[in-house]
Amino acid sequence: MQLKEYGAGIRAGVPVCVGYFSVAFGFGAMAVAQGLGIWHAVLISATNLTSAGQFAGLTVIAAGAAIVEMILTQLVINSRYALMSLALGQRLGPSVGTGKRLLAAVFNTDEVFALGMARQEKLSTGFFVGAGTVAAIGWVGGTAMGALAGSVLPLSVRTALSVMLYGMFIAIVVPQAREEKPMLLSMVLALVFSCLFVWVPVLNGVSSGMAIVLCTVAAAAICALIFPVEQEVAQ
Amino acid sequence: MSIYLYILAMAATTYLIRAIPLTLLKKPIRSRFLRSFLHYVPTACLTAMTFPAILYAADHMISGVVALLVGVLLALKKKSLIVVALASSATVFAAEQLIGFLCR
């Protein structure tokens, strides 16, 4: 049963794998451009499995900053995962034990999380880990290829690769916003708040990682007040 | 400082952020507000990460705008994840090349 779930996860994860490959390719190329070894870039991708956090981490390493700064940067940029993990834990249900949860936590990236939450059937750890494994293969493989080929790749190609990440987000959010009115509101609110944090003085002094967390919390809280969800939908 | 120390700090922080909320809170959340809140988190979060960041991804803002429009249009047509991602990426590349060519 669990094996079947794992297989379903693998199939669902293939598009993410391909998308991750290209984004990670950009990461690998950038890491090498900043003086890291190929092996270091691969190790970072294999142990972190996160896009924004890794790109920010590169900056910290390149600056030779203190370890505390690295921890703080990751905390701020990746704190959205805490919210996602909470949501994921609720969706998995109380019957799923600690061991399986610790394993699922490894793969809780933006896209794998979105895949898991978008699943029509009951979400199992098998499905989630299956999708996560394929995604991770794309992420680590892409990093290795990017690190190997990166030095010869022109900037224009690297820029284009970095936009793939946003393309993936768009592909996940827009169809949901189209189906559900409250989701549309959640999207619009987050979009407006996010713009405020970039274009309004004082607010634009907030770090981008922190801004993402604040936008998420504000938009989701307003939607939850206006459009509360019944048990069946949330579970 | 050793690069491995950086990588360890990075990996441990990221993993703990993911693992702690997932393992500590096993019971279903009773509060309807909190459940609803978590329901809206993914959309809000992905949106905040995408916009307006996509506008600044390339050298010229117009490239980002066109890429965004292409992505949204294809997503509305329910094209798959990889199609949308590739199309946005290709759009930015084409737009930047075109601008570079026109401004020469």
Side-chain angles (χ1 to χ4, degrees), chain A residues 15 18-19 40 43-44 47-48 50 53 57 61 67 70-71 74 78 80-83 85-87 89-90 94 98 101-102 105 108 114 117 156 159-160 162-164 166-176 183 186-187 190-191 194-195 198 212 215-216 219-221 223-224 228-229 234, chain B residues 1 3 5-7 9-11 13-15 17-23 25-29 32-33 35-54 57-59 67-68 71-72 75-76 78-82 84-90 92-93 96-97:
Chain A
V18 180
H40 294 144
L43 186 64
I44 292 176
T47 54
N48 282 267
T50 170
I61 294 175
I67 290 291
M70 174 65 93
I71 295 173
Q74 299 302 315
N78 289 336
R80 65 177 187 282
Y81 291 131
L83 294 176
S85 279
L86 263 184
Q90 289 297 300
T98 306
R101 283 166 185 260
L102 286 174
N108 200 12
M117 298 304 273
S156 57
T159 303
S162 70
V163 174
M164 289 210 63
Y166 300 125
M168 289 172 81
F169 293 159
I170 293 170
I172 292 169
V173 169
V174 170
Q176 284 183 329
M183 283 295 189
S186 156
M187 186 189 85
L191 193 140
S194 174
C195 289
V198 173
I212 289 169
C215 292
T216 305
C223 286
V229 194
Chain B
M1 203 171 312
I3 176 111
L5 214 57
Y6 280 120
I7 299 179
M10 205 171 158
T13 313
T14 307
Y15 181 68
I17 293 170
R18 286 170 171 157
I20 291 173
L22 196 51
T23 43
L25 207 108
K26 288 207 187 91
K27 283 185 195 149
I29 295 175
R32 190 170 73 151
F33 172 76
R35 270 191 283 113
S36 310
F37 173 80
L38 293 175
H39 178 70
Y40 294 114
V41 160
T43 315
C45 189
L46 295 183
T47 305
M49 281 198 280
T50 304
F51 200 86
I54 191 172
D59 287 341
L68 178 68
V72 170
L76 280 175
K78 296 194 174 161
K79 298 291 177 195
S80 74
L81 192 89
I82 188 64
V84 178
L86 279 174
S88 313
S89 175
V92 161
F93 184 77
E96 290 284 294
Q97 295 296 312

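Chain identifiers are assigned alphabetically (A, B, ...) following the order of the sequence lines, protein sequences preceding nucleic acid strands; residue numbering begins at 1 within each chain. Predicted model only: the values in this text are computed from it and were never measured.
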When rounded to the nearest 0.5 angstrom, what is the spacing between [atom1] in [X] and [atom2] in [Y]?
X      : Y      : atom1 : atom2 : value
B/C45  : A/L83  : SG    : CG    : 7.5 Å
A/T216 : B/Y40  : OG1   : OH    : 15.0 Å
A/N48  : B/I7   : CG    : CD1   : 8.5 Å
B/L46  : A/Y166 : CG    : OH    : 12.5 Å
B/T14  : A/Q74  : OG1   : CD    : 4.5 Å
B/Y15  : A/N108 : OH    : CG    : 11.0 Å

Quick one: of [options], who has the most non-hydrogen atom pairs under 4.5 Å with chain B?
options                        : answer
A/G53, A/P175, A/S156          : A/S156
A/V163, A/T50, A/L43           : A/V163
A/A171, A/A220, A/A190, A/A114 : A/A220

Passes side-chain contact (heavy atoms from CB on, under 4.5 Å), A/T159 versus B/D59? Steps please. CA-CA 9 Å; A/T159 303; B/D59 287 341; 5.6 Å; no

What closest approach, in Å, do [X] and [Y] show between heavy atoms, and which atom pair accounts for it?
X      : Y      : answer
A/S186 : B/A44  : OG-N, 3.5 Å
A/C215 : B/A48  : CB-CB, 3.8 Å
B/M10  : A/I44  : CE-CG2, 3.6 Å
B/A75  : A/V174 : CB-CB, 3.6 Å

Candidate pair B/V41 and A/M117, rule side-chain contact (heavy atoms from CB on, under 4.5 Å), full reasoning: CA-CA 11 Å; B/V41 160; A/M117 298 304 273; over 6 Å; no

So, using side-chain contact (heavy atoms from CB on, under 4.5 Å) as the criterion, who are the partners of B/L25 when residues are at least two apart?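 A/L86, A/Q90, B/I29.
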
Select one option (side chain, backbone, both, neither) describing which atoms of A/M70 are under 4.5 Å from chain B's heavy atoms.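 Side chain of A/M70 only, per the 4.5 Å heavy-atom cut-off to chain B.
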
Need one label for A/V198: side chain, backbone, both or neither, based on atoms under 4.5 Å from any heavy atom in chain B.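 The answer is the side chain of A/V198.
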
What part of B/I20 is in contact with chain A, defined as an atom under 4.5 angstrom from a non-hydrogen atom: side chain, backbone, both or neither?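 No part of B/I20 comes within 4.5 Å of chain A.
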
Under a 4.5 Å cutoff for heavy-atom pairs, which residue among [options] has the most contacts with chain A?
options                   : value
B/I17, B/L68, B/T13       : B/I17
B/V92, B/T23, B/T50       : B/T50
B/A90, B/A9, B/G71, B/P52 : B/P52
B/E96, B/M49, B/R32       : B/M49
B/A53, B/A87, B/A19       : B/A53

Less than 4.5 Å apart, any side-chain heavy atom of A/I170 and any of B/I54?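 A side-chain contact under 4.5 Å exists here.
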
Please check if the side chain of [X] supplies one atom and the backbone of [Y] the other of a donor-acceptor pair under 3.5 Å.
X      : Y      : value
B/S89  : A/A160 : yes
A/S85  : B/L22  : no
B/T43  : A/V173 : no
A/S194 : B/F51  : yes

Could you go step by step and tell me if B/V84 and A/M168 meet the side-chain contact (heavy atoms from CB on, under 4.5 Å) rule? CA-CA 7 Å; B/V84 178; A/M168 289 172 81; over 6 Å; no

